[in-house]
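Counting starts at 1 for both ligands and their atoms, in listed order.
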Amino acid sequence: MKNFIEKFTEYFKTAPVAAAHAPGRLEVLGNHTDYNEGLVLSCAVGQKTRFAVTPAPDKSSCNVIDFRSGEVMSFSLEDMDNPPPANGAAYIIGMMNEMRKRGAVFTGFDAAVESDVPLSAGMSSSAALETAAGLALGKAFGFELSRAEWARAGQGVENNFLGLKSGLLDQFSSIFGQKDAIIMSDFRTIEVIDTLPLQPGYVFVVINSMKKHNLVDSDYNIRRENCESAAAKLAAVYPQVKTLRDVTPNMLEDAADKLSFMELSRARHVVNECFRVKQAAEILRAGDMEKFGQLLYDSHESSRVNFENSTPELDYLVEISRSIPGCIGARLSGGGFGGITIHLVRDSEAETYCQRVCAAYKAQTGIAAEHFICSIGSGAETVLFPV
Ligand code: GLA
């Protein structure tokens, strides 16, 4: 943070009034369960987005310098309902709109952003930006929300401004992540219900298939509709069912004939993912890493067969992981339809493992995959500077 603040001060010739940093996240287990009010295991990563701001009360223009690209994003406070611009400003404007809906009042400002969260790598760089910008702007303009409501505001950017009907996982994990722990979140009550250790000696490795996942144009929203229509039909059989979260694997199979084949497949994925998350909590507490790794493989298989949000490239990355020493589990992570896989790997073998997977992937597809060995970082934080 210190370097970033120095850069800000040098660039704007004045110190920031407030700053915040927010990490990217990894979805560890619990795929497409969040918007079904289910359970997810996730963690914040060490990579963060930083945002610092100084209000300029006499201006109605907002200027944000991105230190990563050198790009200056400028927009006017009077002009924020237009279609989103095709750059990072979309997330900032979207967040300001969500904050305004909740009562925030802005003047113009000068701001800077810097991030080492990889872009388009399934680590939620967009949620990190929304969260960091929201928290810093909130602090600078004297506007507060509860931490869960900050996550909802970030989700609102995706839902209302960008057209993706995503759940709360990404922003929630960026805000509630805990250093060196996997958090287990309940997306009905919107809270962290457990924190679980990752046994020493293991790390999560991200391997990016480099096949872009543009979730807005993908089947993400359609999957969500399939889940909702499955839940509605199951509610006619089981009145206590509000979402797929309320359905057990047995209940689902008993009512299988009430659903279309597609609804049944999508529901099988979500219902069993929730069940796997519960199992994983016990397994992680017992420290049985091989068993935990197997759940990651099971999750991927269900994505491939039931939810159909995998791709040949993601399948290949998961398949190859079985034959390279060091790895005990792998799966696609996040929305799917491209994007990334996460691999649970012995840390002493992680670097060699990554080289070998990437070499195999290159030979198979011709694509040079990116890889990241991830540490588990802490959640978002805000800093207010004395004036
Ligand atoms: C994306 C969405 C999340 C979640 C995951 C799938 O990352 O933004 O809300 O639905 O996909 O689990």
- Task: Evaluate the criterion ring-ring contact (aromatic ring centres under 6.0 Å, His included) for residue pair Tyr220 and Tyr35; output intermediate values, then yes/no.
- Result: CA-CA 11 Å; Tyr220 185 99; Tyr35 57 79; 5.6 Å; yes
- Note on the structure: Numbered in order shown, the ligand 1 atoms found under 4.0 Å of a heavy atom of Asn31 are 12 (O)
- Message: Quick check for you: to the nearest 0.5 Å, what is the distance between Leu129 atom CG and Phe51 atom CZ?
- Response: 7.0 Å
- Task: Please determine, by modelled atom types, if Asp110 and Thr54 share a side-chain donor-acceptor pair under 3.5 angstrom.
- Result: no
- Message: I'd like to know whether ligand 1 has Arg25 as a neighbour, heavy-atom separation below 4.0 Å.
- Response: yes
- Which atoms of ligand 1 sit under 4.0 Å from any heavy atom of Gly167? 9 (O)
- Message: Taking 4.0 angstrom as the limit and counting only heavy atoms of Glu27, give me the atoms of ligand 1 inside it, by number and element.
- Response: 5 (C), 6 (C), 12 (O)
- Is there a donor-acceptor contact under 3.5 Å linking the side chains of Tyr297 and Ser321? yes
- If hydrogens are left out, which of Leu332, Asp34, Val270 has an atom nearest to atom 3 (C) of ligand 1, that is, the closest non-hydrogen atom? Asp34
- Answer yes or no: does an N/O atom from Leu164 fall short of 3.5 Å to an N/O atom of ligand 1? no
- Query: Do you see a donor-acceptor pair shorter than 3.5 Å between the side chains of Asn160 and Asn97?
  - Reply: no
